[in-house]
Amino acid sequence: MTEETPGFDEQQPDVPSGATSDDAEPKAADSPSPEEGAAPAGDTGQDVALVAQLDQVRTALGERTADLQRLQAEFQNYRRRVERDRIAVKEIAIANLLTELLPVLDDIGRAREHGELVGGFKSVAESLESTAAKMGLQQFGKEGEPFDPTIHEALMHSYAPDVTETTCVAILQPGYRIGERTIRPARVAVAEPQPGAQTVKADETAEADDKESGGPEEG
């Protein structure tokens, strides 16, 4: 007769009635794992690449903006230079045309002085002078004005007792200008004070002063 070995029953933890074994243990899925809480390394690298690309785009945009501003400034300078050149060419063309008409205007002036500017010739002459004036032509040169070598050309010279400085006493040919540009100086006859006249005048002025003050003081 053999002895029977008493059976070994595995001890199980006490489980309350109505509860299963799954309720006894916390679910691992309820707490996030370290791998799930941290951002993936691939996403961080992608963000860095996007930021670098954005910086490159901003740099390129700034360079293109600077290029555009520079081109706009160059274009404005070009327009101003073209406009200035256009005005200069126009003024030169007008000056050349009017310079060719000056002899005709001189003939008209001489005819007017001699009383020959009558009839249809007078109407044509006045129309020509009016057109020249509209184009900017101005006549200058008058008797009695001080001589200015920048706008006058002295063809005759004399002395006169009644002048105190070099003076235009006769206009032999009027001068013409366009704006500030002189296209022909006025050709004039000038007169200067007689030599010694200033000394005499100074003596006369001194004598007059002495009379007003009661004569020279006695020593």
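Both backbone and side-chain heavy atoms feed into the values below; hydrogens, waters and symmetry mates do not. Quantities reported herein were computed from a predicted structural model and do not represent experimental measurements.
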- Should Leu155 and Val188 be marked as a side chain to side chain contact (heavy atoms under 4.5 Å, CB included) after you check the CA-CA gap, both sets of side-chain angles, and the distance that decides it? CA-CA 6 Å; Leu155 300 182; Val188 300; over 6 Å; no

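- Taking the side-chain contact (heavy atoms from CB on, under 4.5 Å) definition, one finds that Met135 meets it with Ile94, Leu97, Leu98, Thr131, sequence neighbours left out.
- For Glu129 and Lys134, the salt-bridge test fails: no basic side-chain N is under 4.0 Å from an acidic carboxylate O.
- Linking Ile, Leu, Val, Met, Phe, Trp and Tyr residues whenever their side-chain heavy atoms come within less than 4.5 Å places Ile178 and Leu105 in a single cluster.
- Put simply, CD on Gln69 and CZ on Arg64 are 14.0 Å apart, with the number rounded to the nearest 0.5 Å.
- Taken together through direct or relayed side-chain contacts under 4.5 Å among Ile, Leu, Val, Met, Phe, Trp and Tyr, Val124 and Leu117 form parts of separate hydrophobic clusters.
- Val104 is connected to Ile183 through a chain of hydrophobic side-chain contacts under 4.5 Å among Ile, Leu, Val, Met, Phe, Trp and Tyr, so both are in one cluster.
- Criterion: ILVMFWY side-chain heavy atoms under 4.5 Å apart, direct or through other members. Under it, Leu102 and Ile108 are part of a common hydrophobic cluster.
- Here Arg81 contributes atom CZ and Asn77 contributes atom CG; the two are 7.0 Å apart, rounded to the nearest 0.5 Å.
- Of all heavy-atom pairs between Phe121 and Glu116, the closest is CD2-O, 4.0 Å.
- Scored by the side-chain contact (heavy atoms from CB on, under 4.5 Å) test, Asp106 finds Arg110, Gln173, Pro174, Tyr176, Arg184 as partners (sequence neighbours excluded).
- The distance from atom CG of Asp148 to atom CD of Glu153, rounded to the nearest 0.5 Å, is 13.0 Å.
- When side chains are defined from C-beta on, Glu145 counts as touching His152, because their heavy atoms get closer than 4.5 Å.
- Val169 and Ala191 make their closest contact through CG1-CB, 3.6 Å (heavy atoms, listed as atom of the first residue, atom of the second, distance).
- The OG1 atom of Thr99 sits 8.5 Å away from the CG atom of Leu137 when rounded to the nearest 0.5 Å.
- Under the ring pair (Phe, Tyr, Trp, His ring centres under 6.0 Å) criterion, Tyr159 pairs with His157, sequence neighbours left out.
- Using a 4.5 Å heavy-atom threshold, the side chains of Val190 and Met156 count as separate.
- In this structure, Glu63 and Leu68 have side chains that are not in contact, with every pair of non-hydrogen atoms separated by 4.5 Å or more.
- With contacts defined as side-chain heavy-atom distances shorter than 4.5 Å, the pair Cys168/Glu143 does not qualify.
- How far OG1 of Thr182 is from CD of Gln138: 10.0 Å, rounded to the nearest 0.5 Å.
- With sequence neighbours excluded, the residues satisfying side-chain contact (heavy atoms from CB on, under 4.5 Å) with Ile87 are Glu83, Glu91.
- Nearest heavy-atom pair, Thr166 versus Pro193, reported as atom, atom and distance to 0.1 Å: N-CD, 4.4 Å.
- Every residue meeting the side-chain contact (heavy atoms from CB on, under 4.5 Å) condition with Glu165, not counting sequence neighbours, appears here in chain and number order: Pro146, Thr167.
- Taking CG from Asp85 and NZ from Lys90, the interatomic distance works out to 15.0 Å, rounded to the nearest 0.5 Å.
- Residues satisfying the salt bridge (Lys or Arg N to Asp or Glu O under 4.0 Å) test with Asp67, not counting sequence neighbours, are Arg70.
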